[in-house]
Every structure is written in structure tokens, then in C-alpha cells.
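Proteins get letters first, then strands, A, B, ... in listed order; numbering begins at 1 in each.
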2 protein chains.
Amino acid sequence: MARRRSTDTKPASIKDVAALAGVSVPTVSRYLNDRGVSDEKRTRIARAIDMLGYRPNPIAQALVNERTSMIAVMCADITLFGQAQTYKGIEQRAHGGGYSPDVFVLGGRDVAHEVRSCLDRNPAGLILMNFDPECADVLDLVPHDLPTAVIAGNRDERFAQISLAEDDGGYRITRHLLELGHRSVQYIGIPGGVGSYSRMAGWQRACREAGIVAPDPIACTWRPQDARAIGRRLADDPAVTAVFAGNDETAMGVIRGLRDGGRRVPDDVSVVGFDDHPLASIWDPAITTIRQDFHRAGAAAFDAVTGIIADLGEGRVDSRTQLVEVPGELVIRQSSGPAAR
Amino acid sequence: MARRRSTDTKPASIKDVAALAGVSVPTVSRYLNDRGVSDEKRTRIARAIDMLGYRPNPIAQALVNERTSMIAVMCADITLFGQAQTYKGIEQRAHGGGYSPDVFVLGGRDVAHEVRSCLDRNPAGLILMNFDPECADVLDLVPHDLPTAVIAGNRDERFAQISLAEDDGGYRITRHLLELGHRSVQYIGIPGGVGSYSRMAGWQRACREAGIVAPDPIACTWRPQDARAIGRRLADDPAVTAVFAGNDETAMGVIRGLRDGGRRVPDDVSVVGFDDHPLASIWDPAITTIRQDFHRAGAAAFDAVTGIIADLGEGRVDSRTQLVEVPGELVIRQSSGPAAR
DNA sequence: CTGAAAGCGCTTACAG
DNA sequence: CTGAAAGCGCTTACAG
């Protein structure tokens, strides 16, 4: 089998540049890495690079440096709103800098295998979007000395972490419903989303504080259709006057299901969501929600990882376990209203 | 600066395996690549690999093979529904195979620079999601001999292409509205989405065939809020009885805007979308749309690229410019109805 | 089937 | 500041 495709002109290497500039290969390398090179050779090398259209081979660099310039970004499903937005935040922050993010979707059964494949590629750092339960195990497979930031999930003292303050958001939006006079709030959960730092935990805390017994949470998938079916069932229970859906898309499904069952929102039942999806304000009725700043969380995670890398270069080590809080914001719209008397 | 982080135990290399197994390095390499190795050495090597937890270094492999096992996937914005779903299709198809997809978001001003950075990393193949106008220029920067598949966009005879048959979808959904008795259909465009293979082209064709003059298309962004503003404006024009929105999210915004302006959907105005977004059937009224099979398009693109790679290995060359059609499906729901008399 | 040699494109001590 | 040497972890001819 041919080792190179036939029509391909082989790209210039550092050797070609050195030859054309009349210097040694290490001198070109020093030029590329901003080490001391005389002005005269600088210009000669610059010209040679320009003429040849030379671009350093990142693969060779990675081999000798024993690390790439890639920041691995692991997530369970990049098609979901929060994860996509978070990645966008990472992506935009990375732009133009020395590191480029690289998505690894942990989709299959053998997550450990996928994680190892990723680590084999020698990332300079790692960002884990810990939105889904299957991601939590990943942390035990990550070498301790790999600069790492975790977004969301329970606090893990071993790593830097970006907290989206979900418990606080869940608490506040539940309080909002209680203050409207509702005597109980039904929670509908999204996959994962459990643990002491979750929106569900905030809901439970608010219920406890108000002295009411939180009803059993109802589990839902990511699919709005399933939320609709749940809403339809809830429509038949006159005791339900307030619903806290785990995210906005779930809220949309629940509202539709309640309406299918003849209940009006918010007149008969208040429904709130979470995240502030772009369609949340378009929905009819517009959805009361907690706005999450996923972009900022992504950017913060990127900054954390590159910060750790820089700190390690200078022998500092304290930034490795920092905690950054990205608070949510209660956005009151039309899907929540006073409890019917 | 330390070349390796201190707490790190250096991973085993092929050299370590060879030493432990008592064979030469090339023999281990042959073992790894399924070349002839005696049974006795096979077992010794296998044991050594197992004991050391050895994993071949893909970076070194890439350097010597002059190609990686990565399929570069370029797109403009992976947070958009169609692109995210398409990527998911690619991702799932790739699973377990020898190639892994790798996203490159062409976000910045200097697309050419971004493309070159991607190509520097020596992908084995390339998939371009040609949904946005800025992506079209990319094709001129791609070396002809890089196995490439283009998803959507105008037909480019130089490359394999997966067509989502958007013009056909646009034609059929416009026909649907015309058959309901509407005398004119207003098109609201999404960014990009022009050219002879677009949903807009299908709309124009259907109008032309019906002998009606297509009104000027209205440009919209990806933001549902902007679509809502357009809908609000349209509400004041009694001549508008049918709207074809460039995608479902735009349709939702338009419907909301029409309602803000006092018009009922579909009684006063029919509104249809495109894509079959998961929320399209949840929306009230549920949205008539063209269902697109993005997963299948992604899988087809992956198959095309890996097929080209395999064919090149065997000297075939014909698959390089194949065209695959992934048709859409008209899904009639409640947002479209007979024209008011 | 197998090992010694050479090489992929780069970088980093080591002498000058 | 600069070049000759050695090496990163692999693979592929080349002899045996």
C-alpha cells in the first residue's frame, strides 16, 4: 500500500526550511519557539518559511513534547442544549489561543475504553461536562496530574470545578412557586440531575424549609414527548397546581400535556422550567425559568484548565482544585401564577 | 521546565514490551499490526502487553504513518439542531470502527486559517457540513486527494456529497400549502440556505409552477426572537395567509408573533416549518414540517469517507464523487389548514 | 519468521 | 548565538 497518496505534494518540513535558509534544523526550531536567534538568520528563516509555505507538523511536536495542544472536552451528548452551549463557550474562549478544544462524546457502553482512547491522544488538559450520571465515573480514570476542570455535578475535591449553582436555582424557583401560594410543588426530573448539588436538591430543600412533604419526583427522559405524557397524567390530578420541570423542554412538554388534559397554564397549574432555552420566551405561555450561563461556565472551565497548565509550569499547584460558581438567574414569565383558591 | 509532570509514571512503550517479551521492537510492531509473528512470540508479547498495560502511542503512529485515524468534521455552529444531529449520526456510525470523528468549528473570521490548522493535523478524511455560506469556500482549500464528503449545499462535482434533497422538501411543503387553497406563500429564510439545492429554491419552483409570483423572501437569523418580530409584522398584512418558515424554530417564532398581532394559526394564517425538530410536534398548534433524517445523512457521509479511503487503498477512485440522496418526508400537523375564504 | 538499521518531523541538552 | 548528536515511539524496507 502506498504510504502517501500519489497526487499529494509532500509538505515542506523543518529540514527544507533549514536548507533553504542555510541554517541548521535546531536553529529553525529555536526560531519557531522564540528562542535566541540572530537577526540575520531570523529574516532568512522567515523568508524560507514564507516561500515554502511551511507549517510545523503538530504531530511531530506532540511526539517530542509528550503533549499536544488539545484540551479534551468530554460529554455524554453534545446535541443537548446545555452541553452544546457549554461547548460553544469553551470554543469561543479558546479561539486564537494556544489550545484547541476537542470533543469526545462518551456514547458507548465501555466508557472506560473511550476515556483511555482519549487519554492516549495526550491532551494538554481535560474538561468534563458532568451533566450525566455516566460521566461521574470518568473522574476515577483521569490521572491526577492532568490539568482538569469539571463542569457541574457533585463537588469533587480532587479537581477544579465550575458549579452552575443548580441547587440554588432549584431552591429559588421552588420558593417562587411557594410564594405564589402553591401548597405543593411536583418535580419532574431529567436524566442524571441527582445528588446534593442538583436542581432537585434545591427543590427538596425549599420544600423542607416550607414544612411541606415533597412528593416523589417523577423521572423523565430528554424527550419532550415523554414529558407531554407525564403532563397528560398530571392533568387528571386536581391536587397538582405547581410543577417544576427539570428543564425548559420538559416544561414545554408538560404544558402541552396538561393542556391536552384540559388544564390551563398558569390559571389551573403553574409550570416552571430551567435553563432559559431560546424557545422558552417564545413559548405560549412564556416559561418562567432559571437562566443558566452555560457560555460562561464553558469559558471558566477553559480558563481553569489553561490556568492550571500555566501554574504547573511555574511550580504552583493550588489552582488545581479551585471552585468557581456560575449563578443562575430567576426569570419570571407567564407560565407561573398565583395558586387558584 | 520539566518535560514531564512529576507524579506521572511514564506509560510503557513498545520498547518496554519488547524487552519484557524478549523480542525485538519490530516484532512487537508486527504483532500489533497483525503481520506474521510466530505463535510462541505472540503469546509472550501478549503477556507483556497485558502486564505493562501497554497501549500504542497514536501520536507516534500518526507521525510514521503520515496520517491519523481521525475524520475531521467541519461545521459552522454545532449548537444548531441540524448540525448537532448530523454530528450525532456521524458519531454513532463511527463507534467502534477504526476512525474517530473530530469536530472543527469554523467560527472565526479567518476560516482559511482554521481549515489549515485542521489539515495540519493530518486527518484521514473530511466531512464538511455545508449548511452555512461560510463553509462553501472551505472546499477550495481542501486537497483533492483527501477523502472528503460534503453534506448539503450546492452540488460540487469534485467531492462525494450527501444531499438532503432540500429543494424537493421545499417544493413539496409549498405545494401542500397551495393545495390547501392559499394564493401565495411567504418564505422566511434562515441564514445561508440559498442556492439551487435549497429549500428556498423548492419554494420558488412550486410558486413558478403554480403561476404565482413568489413574494420577496424575508431574511431571518437563527434566533426565534427575530422570527417572532417578523411574525408580528406579518400579522398586520391581511394578504398573508400562508408562511413557509425556513426551519421549525423560526416557524415557532413566527406563530408566536402572528398571535401577538391577533392572528390565529391555522385559522387565519397557515405556518409550516422544516426539519421536524423534537418540539415541533409539542408546539401548540403542532407544526407541519418536512422531516429531515440528519442522522442518516451523517452516517452516509461517514460511510462515504471511509469508503473512499478503502477504495484508494485498492486503487479505485470512482467513489470519490458519488452523490447520495437523503429524502425528507412531509409531516402534516395542525399549523396548516385551508385558506380562509 | 526475525532483528539491526534507518527514518517520520520535531526538540532539547551539549559543546563550542 | 549556533550546529552535531541524540532521542520521542513507532513502522517499514532490508537482510538473513
Side-chain angles (χ1 to χ4, degrees), chain A residues 1-5 8-46 48-49 52-69 119-122 124 313, chain B residues 1-5 8-46 48-49 52-69 119-122 124 313:
Chain A
M1 192 184 351
R3 290 194 49 202
R4 199 170 314 118
R5 296 167 230 117
D8 206 325
T9 8
K10 195 171 162 78
S13 79
I14 195 171
K15 226 190 230 168
D16 303 319
V17 174
L20 184 58
V23 300
S24 73
V25 165
T27 299
V28 179
S29 173
R30 283 181 209 108
Y31 170 88
L32 294 170
N33 295 289
D34 279 322
R35 240 67 62 114
V37 174
S38 67
D39 280 350
E40 194 227 326
K41 307 212 163 173
R42 296 196 85 76
T43 54
R44 295 224 306 269
I45 294 170
I49 288 177
L52 295 169
Y54 168 72
R55 325 202 78 225
N57 180 334
I59 294 170
Q61 296 185 121
L63 179 60
V64 62
N65 291 333
E66 286 174 358
R67 61 150 59 185
T68 60
S69 61
L119 296 176
D120 281 346
R121 292 172 59 177
N122 250 312
Chain B
M1 194 184 348
R3 292 194 48 202
R4 199 169 315 117
R5 297 166 230 118
D8 207 326
T9 6
K10 195 171 163 78
S13 79
I14 195 172
K15 225 190 232 168
D16 303 319
V17 173
L20 184 58
V23 300
S24 74
V25 165
T27 300
V28 179
S29 173
R30 284 182 210 108
Y31 170 87
L32 294 170
N33 295 289
D34 279 323
R35 238 72 59 116
V37 174
S38 67
D39 281 350
E40 193 226 327
K41 306 212 164 172
R42 295 197 86 76
T43 55
R44 294 224 307 267
I45 293 170
I49 287 176
L52 295 168
Y54 168 73
R55 324 202 80 223
N57 181 333
I59 295 171
Q61 297 185 128
L63 180 61
V64 63
N65 291 333
E66 286 173 359
R67 61 149 58 185
T68 60
S69 61
L119 296 175
D120 282 346
R121 292 172 60 178
N122 250 313

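Rounded to whole angstrom, the span from the CZ atom of A:Arg42 across to the C1' atom of D:dT2 amounts to 14 Å. Atom CG of A:Asp39 is separated from atom C1' of D:dT2 by 15 Å (rounded to the nearest Å). Note: CZ (A:Arg44) to C1' (D:dC1) measures 13 Å, nearest angstrom. One interatomic measurement links the two molecules: CG of B:Asn57 to C1' of D:dT11, which rounds to 13 Å at whole-angstrom precision. The separation between B:Leu32 atom CG and D:dT12 atom C1' is 14 Å, rounded to whole Å. Straight-line distance from the CG atom of A:Leu63 to the P atom of D:dC10: 9 Å, rounded to whole Å. Nucleotide D:dT11 holds its C1' atom 15 Å from the CG atom of B:Asp34, rounded to whole Å. Counting to the nearest Å, the C1' atom of C:dC10 and the CD1 atom of A:Ile49 are 13 Å from each other.
Nearest-nucleotide mapping onto DNA chain C: of B:Val37 and B:Ala60, the residue sitting toward the 5' end is B:Val37.
In this model, the phosphate group of C:dC1 is not approached by any side-chain N or O of B:Ser38 to a distance below 4.0 Å at OP1 or OP2. For C:dT11, one of the phosphate oxygens OP1 or OP2 lies less than 4.0 angstrom from a side-chain nitrogen or oxygen of A:Asn33. In this structure, A:Arg35 reaches the C:dT12 phosphate: one of its side-chain N or O atoms is under 4.0 Å from OP1 or OP2.
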Detail all sub-3.5 Å separations between protein N/O atoms and N/O atoms belonging to nucleotides 3-5 of chain C.
from  : atom 1 : to      : atom 2 : distance (Å)
C:dG3 : OP1    : B:Lys41 : NZ     : 3.3
C:dG3 : OP2    : B:Ser24 : N      : 3.1
C:dG3 : OP2    : B:Ser24 : OG     : 3.0
C:dG3 : OP2    : B:Thr27 : OG1    : 2.6
C:dG3 : N7     : B:Arg30 : NH2    : 3.0
C:dG3 : O6     : B:Arg30 : NH2    : 2.6

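No side-chain heavy atom of B:Val17 sits less than 4.5 Å from a side-chain heavy atom of B:Tyr31. Residues B:Leu63 and A:Asn57 form a side-chain contact, since some pair of their non-hydrogen atoms from C-beta on lies under 4.5 Å apart.
Results of the side-chain contact (heavy atoms from CB on, under 4.5 Å) test with A:Val28 over A:Val37, A:Ile14, A:Asn33 single out A:Ile14 as the only residue that passes.
Here A:Ser69 pairs with A:Tyr99 under the side-chain contact (heavy atoms from CB on, under 4.5 Å) rule; sequence neighbours left out. Taking A:Arg35 as the reference, nothing meets the salt bridge (charged side-chain N to carboxylate O under 4.0 Å, His left out) condition, with sequence neighbours excluded.
When all heavy atoms of A:Pro11 and A:Asp16 are compared, the closest pair comes out as O-OD2, 4.3 Å. Considering all non-hydrogen atoms of both residues, A:Gly36 and A:Arg30 come closest at O-CD, 4.2 Å. The minimum heavy-atom distance between B:Arg42 and B:Asp34, with the atom names listed, is NH2-OD1, 4.0 Å.
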_Test side chain to side chain contact (heavy atoms under 4.5 Å, CB included) applied to B:Ile45 and B:Leu32, step by step_ = CA-CA 9 Å; B:Ile45 293 170; B:Leu32 294 170; over 6 Å; no
*Would A:Asn122 and A:Asn65 count as a side chain to side chain contact (heavy atoms under 4.5 Å, CB included) if you check the C-alpha gap in whole Å, the side-chain angles of each, and the deciding distance to 0.1 Å?*
CA-CA 10 Å; A:Asn122 250 312; A:Asn65 291 333; over 6 Å; no
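Annotation: proximity of residues 13-21 of chain B to DNA chain D (heavy atom, distance under 4.0 Å) is found for B:Ser13, B:Ile14, B:Lys15, numbered in ascending order.
The CG atom of B:Asp120 lies 9.5 Å from the CD atom of A:Gln61; values are rounded to the nearest 0.5 Å.
Secondary-structure annotation of DNA chain D gives the stems C:1-3 with D:14-16, C:5-12 with D:5-12, C:14-16 with D:1-3, with a stem taken as at least 3 successive Watson-Crick or G-U pairs whose two distances both fall under 3.5 Å.
When the nucleotides C:dT11, D:dC10, D:dG9 are ranked by their closest atom to the side chain of B:Pro56, D:dC10 comes out on top. Closest to the side chain of A:Gln61, out of D:dG9, D:dT2, C:dC10, is C:dC10.
A:Tyr54 comes within 4.0 angstrom of the backbone, heavy atoms only, and of no base.
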Identify all side-chain donor-acceptor contacts of residues 19-26 of chain B below 3.5 Å with residues at least two apart in sequence or on another chain.
from    : atom 1 : to      : atom 2 : distance (Å)
B:Ser24 : OG     : B:Thr27 : N      : 3.4
B:Ser24 : OG     : B:Thr27 : OG1    : 3.1

